[in-house]
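Have a look at the structure below, then the notes.
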Amino acid sequence: MSSPFWKPGTEKPRILEDEEGGVVFFSPSLASSSSGYGYASIEKQRQRLPVYKYRTSILYLVETHATTIIVGETGSGKTTQIPQYLKEAGWADGGRVIACTQPRRLAVQAVASRVAEEMGVKVGEEVGYTIRFEDLTNKGVTMIKFLTDGVLLREMMDDPLLTKYSVIMVDEAHERSISTDILLGLLKKIQRRRPELRLIISSATIEAKSMSAFFQARKSRHRMECEGLPKMEPAILSVEGRGFNVQIHYVEEPVSDYVQAVVSTVMLINDQEPPGDILVFLTGQDDIDAAVQLLTEEARTNRKNSSGLIILPLYSGLPRADQELVFSPTPRGKRKVVISTNIAETSLTLEGVVYVVDSGFSKQRFYNPISDIENLVVAPISKASARQRAGRAGRVRPGKCYRLYTEEYFVNEMPAEGIPEMQRSNLVSCVIQLKALGIDNILGFDWPAPPPPEAMIRAVEVLYSLGVIDDDAKLTSPTGFQVAEIPLDPMISKMILSSSELGCSEEIITIAAILSIQSIWVSSRGAQRELDEARLRFAAAEGDHVTFLNVYKGFLQSSKSSRWCHKNFINYQSMKKVVEIREQLRRIALRIGMVLKSCESDMQVLRKAVCAGFFANACRLEASSQSGLYKTIRGSQEIYIHPSSVLFRVNPKWIVYHSLVSTDRHYMRNVISIDPSWLLEAAPHFYQHQRLNPIVH
DNA sequence: GAGCACTGC
């Protein structure tokens with residue numbers, strides 16, 4: 001286990017082969033020693049990884065089987081080693097490329113730089129990576145390429161058979177993200193056309209069996225088993241991990257209040273267990289803030305041991321600087337307690353954690369295709385998640401995991417796997433992507449996990465109403481193909497296309513970029529009034545979209561200053577991303593033949609363009625309503641303007657919204673006022689005269 | 001007058 005760089009008593013080099021592809025921080029000692037030690041010691045390190053003793057088997061299976069499924073636990077080294085084994089065995093000869101996909105950008109970068117280091121090359125040469133906005137590959141030189149699965153899907157639009165790849169390894173397939181699932185479905189289809197292509201599906205769970213069943217080709221007349229071609233029967237291989245043993249503790253009785261249970265469990269660990277940091281999994285910001293506060297008070301009153309506690313929250317909405325606090329090393333004699341959302345389950349890795357407290361819950365997205373509303377719901381996690389969470393305690397030495405649910409519940413009631421994202425999401429983007437790849441029979445597509453037919457039908461309806469697909473459910477030309485080319489939600493893409501005809505594309509692509517990120521405002525529950533005041537400085541009577549334009553203009557006038565952002569409660573990181581996305585949209589717009597033009601101060605055409613994409617989200621203020629109650633034109637859903645909108649309390653008679661937040665009420669986020677006659681202009685087929693007229697007058 | 005698990009192109 002010990003690395004040649006690490007002497008007992010010194011800080012252990014931070015992880016070398018992170019299976020989750022979390023944020024990898026190389027310690028300075030490692031960074032400096034890599035040049036001093038040279039190739040041999042890296043080679044020794046590689047040989048110590050559990051996956052090494054399977055090298056020959058893996059190469060044999062890949063050679064003889066079209067699909068190989070690798071079940072590998074954390075720390076097995078599969079992600080960094082298998083692509084190298086393949087390259088060493090000649091799979092990248094003759095200009096072919098070995099691809100390895102990851103669900104997350106950071107993982108792509110981290111793994112690529114590690115593999116480049118092991119091979120003694122620079123990233124972008126023999127080893128490269130591609131993520132959105134960043135392509136560090138060199139055609140004809142790059143042999144191993146890491147990329148997000150979303151990027152590989154985009155590549156299929158230009159090269160549907162992915163002809164340049166000899167082997168494609170889909171990593172972290174157990175996470176079952178929408179793009180991983182689409183990719184798996186498409187790769188299965190490609191295999192029929194390209195029998196020489198090899199797939200490696202790498203997964204952390206035993207779900208391998210269902211994955212294997214999926215890739216099991218039906219005995220078909222077209223594809224006889226013949227010499228020279230690999231077997232269609234998938235091979236399965238397990239590789240053990242290298243984590244330390246984690247002792248599991250369960251509660252004896254179900255807990256009624258898991259925030260309270262978290263507090264007492266942390267205090268118990270602190271009183272009775274030797275030093276080591278604690279990682280707590282809760283569901284969201286509210287719970288986390290509450291737990292942080294309770295723990296801080298508890299630590300203050302119960303002085304015995306708890307003065308050494310450093311209590312930190314962790315969730316993605318946290319400002320960057322606060323997030324980085326959790327990575328700072330724990331001072332001697334102190335104990336760090338990080339209270340986190342699911343972000344610490346897969347997206348980032350904390351070192352030094354010895355104790356995990358698992359509430360057994362997380363927030364999950366659910367989609368109701370009937371109401372067309374997506375909801376965030378606190379729901380029980382799966383056994384797979386519970387194991388992943390527990391594993392976080394065994395990275396540096398043997399650890400303990402305290403589950404705030406009973407063993408009986410874990411064994412008998414907890415579901416083995418989570419519900420794939422595909423089955424609980426709006427599918428509009430997914431369907432258009434498949435259409436663009438020539439998959440016309442969406443309902444008959446061979447999915448790893450078929451989504452509910454209602455959700456697919458709803459997606460097809462939306463695309464039809466946007467004029468993106470025709471009566472035969474085929475992409476329209478040019479609109480459908482253009483919308484598919486733009487990497488955004490189709491409603492936003494449609495808005496962009498219309499802006500070209502209306503003469504306001506410069507403004508609309510700015511709005512599109514802002515709508516496609518989380519939020520441009522800093523999240524500050526503490527300074528709510530100041531944030532509201534800052535927002536009012538940019539407020540436009542037309543609504544939030546025009547307000548965004550004012551912010552963007554201000555940002556440019558400040559020369560993209562971070563100080564200006566800070567002063568105005570605007571998230572600087574978000575604005576940088578907006579500039580980047582806007583630049584990408586601008587390039588795509590030109591490529592698909594749009595006219596880039598500014599409407600200057602004519603906000604009416606701009607609002608029409610928003611209508612052209614979002615007409616389905618039109619609402620009218622209830623005449624008798626004093627409380628700001630709106631109803632959707634289409635479904636008569638009762639909804640309200642979100643208090644964060646600049647049109648909150650202004651309540652214009654007609655608006656369209658960008659998205660809904662559903663709690664006890666449905667709140668519209670980002671709204672703009674419109675004239676109802678524009679709805680008829682934008683979507684005559686959708687708002688027929690007879691239906692709209694009685695409402696208009 | 002209230003709330004945003006997490007990714008990705």
Side-chain angles (χ1 to χ4, degrees), chain A residues 20-22 101-108 130-135 147-157 172 175-183 281-289 314-318 340-348 359 361-366 374-379 381 385 418 421 424-425 429-430 432-433 436 484-490 492-493 512-513 516-519 521-525 528-529 531-532 571 574 577 580-581 584-585 587-588 627-628 640-645 648-649 659-670:
Chain A
E20 289 69 47
T101 72
Q102 296 290 321
R104 282 171 290 279
R105 296 161 51 92
L106 268 170
V108 168
T130 309
I131 54 181
R132 187 184 188 182
F133 307 129
E134 228 179 309
D135 181 12
L147 69 176
T148 51
D149 30 30
V151 167
L152 190 60
L153 279 176
R154 284 277 152 192
E155 283 190 3
M156 289 181 78
M157 288 199 183
E172 312 290 358
E175 288 189 21
R176 305 305 299 273
S177 72
I178 289 185
S179 40
T180 307
D181 270 17
I182 300 178
L183 190 60
F281 286 103
L282 275 175
T283 58
Q285 188 175 347
D286 277 344
D287 284 353
I288 290 170
D289 289 345
L314 177 63
Y315 41 86
S316 78
L318 216 56
S340 170
T341 61
N342 249 6
I343 193 170
E345 193 179 307
T346 48
S347 298
L348 34 95
S359 66
F361 289 92
S362 70
K363 281 198 183 172
Q364 292 162 38
R365 180 168 51 205
F366 286 94
E374 278 185 329
N375 246 334
L376 266 185
V377 181
V378 173
I381 60 169
S385 275
E421 194 184 10
R424 42 186 180 87
S425 306
S429 296
C430 164
I432 195 174
Q433 234 170 343
E485 192 84 4
I486 302 172
L488 297 173
D489 181 285
I492 297 185
S493 305
S516 67
I517 62 163
Q518 292 278 351
S519 171
W521 309 102
V522 289
S523 67
S524 59
R525 257 184 226 191
Q528 198 52 56
R529 231 194 40 216
L531 171 60
D532 285 349
N571 186 325
S574 296
K577 211 165 164 189
E580 216 169 19
I581 295 173
Q584 187 195 26
L585 292 178
R587 278 199 310 273
I588 294 170
S627 56
Y640 298 83
I641 296 180
H642 194 278
S644 66
S645 168
F648 179 69
R649 286 217 192 91
S659 62
L660 286 184
V661 175
S662 302
T663 50
D664 49 334
R665 283 177 171 184
H666 297 308
Y667 287 103
M668 298 177 266
R669 290 188 66 208
N670 300 331

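Chain A is the first sequence line, chain B the second, and so forth, proteins listed ahead of strands; every chain is numbered from 1.
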ask   = Rounded to the Å, how far apart are A:Ile517 CD1 and B:dT7 C1'?
value = 15 Å

Separation of B:dG8 C1' from A:Gln518 CD (nearest whole Å) = 12 Å

message = Between A:Thr346 and B:dT7, is there a contact of a side-chain N or O with OP1 or OP2 at under 4.0 Å?
response = no

task = Would you kindly give the CG-to-C1' distance between A:Asn375 and B:dC4, to the nearest whole Å?
result = 13 Å

task = Please name all residues satisfying side chain to side chain donor-acceptor pair (under 3.5 Å) with A:Arg176, sequence neighbours left out, ordered by chain then number.
result = A:Asp181, A:Glu207

ask   = For A:Tyr640 and B:dA2, what is the distance between atoms OH and P respectively, to the nearest whole Å?
value = 11 Å

ask   = Between A:Ser179 and B:dT7, is there a side-chain N or O to OP1/OP2 distance below 4.0 Å?
value = no

ask   = Looking for any heavy atom pair under 4.0 Å, which part of the strands does A:Ser177 touch: base, sugar-phosphate only, or nothing?
value = nothing

Partner residues of A:Ser385 under the side chain to side chain donor-acceptor pair (under 3.5 Å) criterion, sequence neighbours left out = A:Glu345

inquiry  = With a 4.0 Å cutoff (strictly under), does any side-chain N or O of A:Arg105 reach OP1 or OP2 of B:dC9?
reply    = yes

inquiry  = I want to verify a distance call: between B:dC9, B:dA5, B:dC4, whose nearest atom is closest to the A:Lys363 side chain?
reply    = B:dA5

query = In whole Å, what is the span from the CG atom of A:Asp286 to the C1' atom of B:dA2?
reply = 10 Å

ask   = Between B:dC6, B:dC9, B:dG1, which nucleotide gets closest to the side-chain atoms of A:Pro643?
value = B:dG1

Selection from B:dC6, B:dC9, B:dG3 that lies nearest to any side-chain heavy atom of A:His642 = B:dG3

Residue whose closest nucleotide on DNA chain B lies nearer the 5' end, A:Tyr315 versus A:Asp532 = A:Asp532

Side chain of A:Arg649 (C-beta onward), nearest among B:dG1, B:dA2, B:dC6 = B:dG1

query = So what does A:Leu376 touch, heavy atoms closer than 4.0 Å: a base, only the sugar-phosphate, or nothing?
reply = base

task = Specify the separation, in whole Å, of atom CE of A:Met668 and atom C1' of B:dC4.
result = 18 Å

A:Glu172 side-chain N/O to A:Gln102 backbone N/O, donor-acceptor pair under 3.5 Å = no

key: Interatomic distance where CG belongs to A:Asp181 and P belongs to B:dC9 [whole Å]   = 17 Å

message = Nearest to the A:Arg154 side chain among B:dC9, B:dC4, B:dT7, which nucleotide is it?
response = B:dC9

task = Would you indicate what A:Ile486 reaches in the nucleic acid, counting non-hydrogen atoms under 4.0 angstrom: base, sugar-phosphate, or nothing?
result = nothing

Under-4.0 Å salt bridge between A:Arg154 and A:Glu485 = no

inquiry  = For a quick check of understanding: with a heavy-atom distance under 4.0 Å over all strands, which category does A:Arg669 fall into, base, sugar-phosphate or nothing?
reply    = nothing

query = Within the distance-only criterion (no hydrogens, no angle test), does the side chain of A:Arg365 pair as donor or acceptor with the backbone N or O of A:Leu376 below 3.5 angstrom?
reply = no

request  = Let me know the distance between CZ of A:Arg665 and P of B:dA2, rounded to the nearest Å.
outcome  = 8 Å

task = Verify side-chain contact (heavy atoms from CB on, under 4.5 Å) between A:Glu155 and A:Val151, making sure each step is shown before the conclusion.
result = CA-CA 6 Å; A:Glu155 283 190 3; A:Val151 167; 4.2 Å; yes

ask   = Taking OP1 and OP2 of B:dG8, is either one under 4.0 Å from a side-chain nitrogen or oxygen of A:Thr148?
value = no

